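Let me begin by presenting the structure, written as structure tokens, before commenting on it.
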Amino acid sequence: MISGWGRFPRQDCVVNRPRSESELRELVAGGPLIARGNGRGYGDCAQSQANTIEMLRFNRMLAFDPATGQLVVESGVLLKDVIDCFLPRGWFPSVTPGTKFVTIGGMVAADVHGKNHHCEGSFGAFVDWLEVLGADGEVRRCDPTTNAELFACTIGGMGLTGIILRVAVRLRPVESGWIRQATLPAPDLNAAMQLFEDYSAATYSVAWIDCLARGKSLGRSAVMLGEHAAAWELPDRLRAAPFRTPARKVIAVPIEAPTGLLNRITVKAFNAAYYRTHVRDRGTKLVDWDSYFYPLDALADWNRIYGARGLVQFQCALPLAAAQDGLTQLLQTISASGQGSFLAVLKRLGASQTGAFSFPMEGYTLALDFPVSPQTLALMERLDGIVVDHGGRFYLAKDSRMNAQTLRASDGRVPDFVAQRQGMGATAFQSSQSERLQL
Ligand SMILES: Cc1cc2nc3c(=O)[nH]c(=O)nc-3n(C[C@H](O)[C@H](O)[C@H](O)COP(=O)(O)OP(=O)(O)OC[C@H]3O[C@@H](n4cnc5c(N)ncnc54)[C@H](O)[C@@H]3O)c2cc1C
């Protein structure tokens, strides 16, 4: 029985864990299959009942060029291992999601975005080349000029074009393991969006939204900006060893929480307290990279808090012109329903488009977690309608429940992507998600 991070849906799947390319070739010859990284996609994107191929054993780092920052890795290498190995040498991932427990292959397949999308684009913008194993057993090297269609469709293609074997990706040079973080409280949604626009030159920006606030406080947020701290900015005690940051204390959630723990009262209290804490802590401070980029990783297995039924994430992108109205309607609908989300995160997305089927579009992206229940699933269908009406789209790495019609109504690129998959002979790559969405 496997699932994504949301633990919904859980499915009985055949899981293979090959160690070598020859084993992998045999498995690929056997019919429908999908690659799986570390299972941090929320839904069923990395599971196939017939043949799920877990890539974690392809975990070697192969080459590094300190002149350009280009790192060549096998696709099952974890982002955490890249950071552990390269941060002490002065290099950091150019783009990172909110957890370091993802594989590089998974990052390419979802074309992940971070808090710097508005100015630097998504992970794919830093990929120099890929090697992809096709259904015919051939390994193809692709980049923006050679096998360009395969390259464009694999970045953000959710594993549906083949198995990514190796990735060449550029890291960014940094002078320390510290981030200069500025926290700016915003009393409502308009103020939060204005802060994103005013601080568009900040490398990192993200807002946490109190999604149960209503009326004049609708969308009240804490906007957090960040910059990699230069060595000279560090106090004397840190400057001597700028990459040495405090070891993280990780607390594990030992058991599944009872269903219903996250109800209107607990979520409302958490959201209000979180907002108050950030208003109190406004201002600038130095934060270590782990706390800044991966606050949730400090609570291992936090997905168990959502109980036995699991959690679903709703993540959409709205185009810039429609974002204010769309976000207002989404937040009004959520706060009126009382089905609040613990974690509601807003980010500004830039114009950069990397993969042919990548999620980001210029505008804003809102992500919300809900415990699985008939009420939250019905609420999300209402939210789907608002997104479609505002010309938005949905992030497949977070999806576990959308239907094929909604996908098509939200994303005019679907027919082209389906045709490209057929054209490249890649239809054997099928996940439970791609079947549900008729991709
Ligand atoms: C706490 C948390 C925070 C997150 N924050 C963000 C965020 O800020 N931004 C963001 O963009 N995403 C975010 N994500 C989503 C996550 O980054 C993506 O789902 C990522 O793809 C997970 O990588 P994985 O290795 O676990 O892949 P999996 O979940 O195992 O697979 C994800 C997809 O990649 C494909 N895939 C994996 N490996 C390969 C391969 N070798 N070849 C071909 N296809 C492959 C799978 O088929 C599947 O479609 C977050 C997830 C969590 C749990």
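Below, all heavy atoms of this structure are taken into account, side chains as well, without hydrogens, waters or symmetry copies. Atoms within each ligand, like the ligands themselves, are counted from 1 in listed order. When a residue number appears, it is its place in the shown sequence, counting from 1. Since the model is a prediction, treat every value here as computed from it, not as a measurement.
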Can the ring centroids of [X] and [Y] be said to lie less than 6.0 angstrom from one another?
X: Tyr42; Y: Phe8; result: no
X: His113; Y: Phe123; result: no
X: Phe92; Y: Phe293; result: yes

Open item on the list: Do Arg348 and Phe196 form a cation-pi contact, if we require the NZ or CZ to be under 6.0 Å from the six-membered ring centre and within 45 degrees of the ring's axis?
Closed with: no
Task: Pair Phe243-Trp178, ring-ring contact (aromatic ring centres under 6.0 Å, His included): steps then yes or no - done: CA-CA 8 Å; Phe243 297 107; Trp178 296 88; over 10 Å; no
Task: First-shell residues of ligand 1 [heavy atom, distance under 4.0 Å] - done: Trp5, Ile34, Ala35, Arg36, Gly37, Asn38, Gly39, Arg40, Gly41, Tyr42, Cys45, Ala46, Met55, Ser75, Pro97, Gly98, Thr99, Val102, Thr103, Gly105, Gly106, Ala109, Ala110, Val112, His113, Met158, Gly159, Gly162, Ile163, Ile164, Trp302, Lys347, Tyr395, Ala397, Lys398
Open item on the list: Counting only heavy atoms not in Tyr199 (residues, nucleotides, ligands), do more than 12 fall under 6.0 Å from its OH?
Closed with: no
